[in-house]
There are 2 protein chains.
Amino acid sequence: MTTSFRRAPDFDRRTDLIEATMDCIVELGIQGTSVRAVATKAGVSNGLIRHHFASKENLIAEAYGRTIAIITGPPLAIAAGDGSPREKLRRFIIASISGPVAEPRILSLWATFISQVHINDRFREIHRTQYVAYRAACRSLIQGVVEENRVRISADELHHLSIALNAIMDGLWLEGCLSAEEIDAALQIEIGLGAVERLLGIKLGREVPA
Amino acid sequence: MTTSFRRAPDFDRRTDLIEATMDCIVELGIQGTSVRAVATKAGVSNGLIRHHFASKENLIAEAYGRTIAIITGPPLAIAAGDGSPREKLRRFIIASISGPVAEPRILSLWATFISQVHINDRFREIHRTQYVAYRAACRSLIQGVVEENRVRISADELHHLSIALNAIMDGLWLEGCLSAEEIDAALQIEIGLGAVERLLGIKLGREVPA
DNA sequence: GCCGTCACTATGCGATCGTATAGTCACTAT
DNA sequence: ATAGTGACTATACGATCGCATAGTGACGGC
């Protein structure tokens, strides 16, 4: 009666199911992402999802967490890492608009979750936390670069520049994802670096680590 | 058996239903936006929706069209209207990040549709058309301002600046909607104008029409 | 080697989905 | 005044939804 199955360690299976959920959201939309669709995508029976996740809502929330990690993980790691302020800002910009985050499927996932941030408290909390962290990174990077160049700016100016930097990163990422087939990644980076240089009035350089 | 009802002109009823659909998407998410939910929101029976729209998909697509019109309508009208290049760009920026478009519900709607652009041909076409129009407006406005200031830039530079202007507008709009309660509209505009001035190296002025 | 544990499948329940259809009544044209 | 039109309600159908439950078999501890 029961067909054979492979047993997977708990962690692996959970990860599989979360990624299957993300696939479904991308391919079917959130309204097409049923428990059964996720199970089929993951190659398991639908009952298994309830075994690993208390509810569908929990599963979706974990998919949001994973998505956010893909988006802000690399740039935040750079901002928190080593290097000169100028170099860090340069790499922060590149990580914010290219690499894994620049895949259209990530935009699709992000848009799905963002559209529901205001009606789902858990989503709101996830968003809030990451938003604050990213903005703080923008602020700290700008402050570092400005000090490095011995430029004096007011706290208000710093705040405004942080918002503007954040906006440019978001906007370029958005545009890049939405027309990924026609905008070259290197060009995208060049535009991003150029825009931030003009915004701050500071040269970031273009040297690529060998 | 049948309760009484008011008859509405065809156009009014269609508009009502489209707006009820938008309300539902904002309040319930796309997955909660059922034909019955829309009908209840509009105060009519669920059968009426099928009478006015061939399918639920058609109804949703019209809601997307209406959303896009709210977002790009005002700035595109300014770009196509009268005025000096500098003044038009200034008003274009303001219309792109403040006014009706800056309401969080609009972002919610936009994100809902954007998340499905790649899996729905009609969505893709609506998006494509508006995207091209907005980008062209950015390009034409920058060209106008640059010529007005007797600055010479290459076609490539114009292209890059258009992308960057587009990105700043998108990003500031996004940020403004996502934290509407804590970012002042006037400050948002000031940041936008300032960022574009630095991007182009040109002063836009701040005079407000009395 | 067998035994208990739990990851896993299979199946069913009630609710709700989009859509189809039949009938009703508000309104217009004459 | 009345007949015709179509905007509108009411209801039903089959599919599919999230979730619950019962049972099965893979695998580690002994």
Side-chain angles (χ1 to χ4, degrees), chain A residues 1-25 27-64 112 116 119-120 122-123, chain B residues 1-25 27-64 112-113 116 119-123:
Chain A
M1 186 72 82
T2 302
T3 57
S4 72
F5 60 91
R6 271 191 337 104
R7 204 170 227 209
D10 191 57
F11 178 77
D12 287 357
R13 189 61 90 189
R14 277 180 62 88
T15 304
D16 279 356
L17 294 177
I18 292 169
E19 280 172 3
T21 303
M22 293 163 74
D23 286 342
C24 284
I25 291 174
E27 294 168 18
L28 309 171
I30 186 74
Q31 73 275 41
T33 301
S34 64
V35 170
R36 285 166 180 85
V38 172
T40 299
K41 169 70 75 177
V44 300
S45 72
N46 64 57
L48 185 59
I49 289 179
R50 270 280 295 175
H51 182 72
H52 286 285
F53 298 89
S55 70
K56 180 191 177 186
E57 197 189 327
N58 283 13
L59 175 62
I60 301 282
E62 297 224 31
Y64 182 21
T112 298
Q116 320 217 348
I119 52 173
N120 184 313
R122 292 165 68 186
F123 284 11
Chain B
M1 184 71 79
T2 300
T3 58
S4 73
F5 60 90
R6 271 192 338 103
R7 201 171 230 208
D10 191 55
F11 178 77
D12 287 357
R13 190 61 91 187
R14 277 181 61 89
T15 304
D16 279 356
L17 293 177
I18 291 169
E19 279 171 4
T21 303
M22 293 163 73
D23 286 342
C24 284
I25 291 174
E27 293 168 19
L28 309 171
I30 185 74
Q31 75 274 40
T33 302
S34 64
V35 168
R36 285 167 179 83
V38 172
T40 300
K41 171 69 76 176
V44 300
S45 72
N46 63 57
L48 185 59
I49 288 178
R50 271 279 296 176
H51 181 73
H52 286 286
F53 299 89
S55 70
K56 182 192 177 186
E57 198 190 325
N58 282 16
L59 176 62
I60 302 282
E62 297 224 31
Y64 183 20
T112 298
F113 297 123
Q116 320 217 349
I119 51 174
N120 183 315
D121 289 342
R122 291 164 69 184
F123 284 13

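In this text the structure is predicted, and so the values were computed from the model without any measurement.
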How many Å lie between [atom1] on [X] and [atom2] on [N], as a whole number?
X        : N       : atom1 : atom2 : value
Asn46(A) : dG18(D) : CG    : P     : 9 Å
Asp12(B) : dC27(C) : CG    : P     : 14 Å
Gln31(A) : dG18(D) : CD    : C1'   : 16 Å
Arg14(A) : dA7(C)  : CZ    : P     : 11 Å
Asn58(A) : dG18(D) : CG    : P     : 14 Å
Asp16(A) : dA7(C)  : CG    : P     : 15 Å
Glu57(A) : dG18(D) : CD    : C1'   : 12 Å

Watson-Crick or G-U wobble partner for dA1(D), using a 3.5 Å limit on both distances?
dT30(C)
Under 3.5 Å for both donor-acceptor distances, Watson-Crick or wobble: does dT16(C) have a partner, and if so which one?
dA15(D)
So which one's nearest nucleotide on DNA chain C is more toward 5', Thr33(B) or Gly47(A)?
Gly47(A)
5' precedence on DNA chain C between Leu48(A) and Ala37(B) (nearest-nucleotide basis)
Leu48(A)
Does the side chain of [X] get closer than 4.0 angstrom to OP1 or OP2 of [N] through an N or O atom?
X        : N       : value
Ser45(A) : dA10(C) : no
Arg13(B) : dC8(D)  : yes
His52(A) : dC8(C)  : yes
Arg36(A) : dT16(D) : no
His51(A) : dA7(C)  : yes

Given side-chain contact (heavy atoms from CB on, under 4.5 Å), test Asn120(B) with Glu57(B) step by step and report yes or no.
CA-CA 10 Å; Asn120(B) 183 315; Glu57(B) 198 190 325; 3.9 Å; yes
Just wondering, do Thr112(B) and Tyr64(B) contact through their side chains at under 4.5 Å, heavy atoms?
no
Are the side chains of Val44(B) and Leu17(B) in touch, meaning some heavy atoms are under 4.5 Å apart?
yes
So CZ of Arg14(A) and NE2 of His51(A): to nearest 0.5 Å the spacing works out to 11.0 Å
Going from CG on Asn58(B) to NZ on Lys56(B), what distance comes out if it is rounded to the nearest 0.5 angstrom?
12.5 Å
Contacts of Ala54(A) and Ile49(B) projected onto DNA chain D by closest heavy atom; the upstream (5') one is Ile49(B)
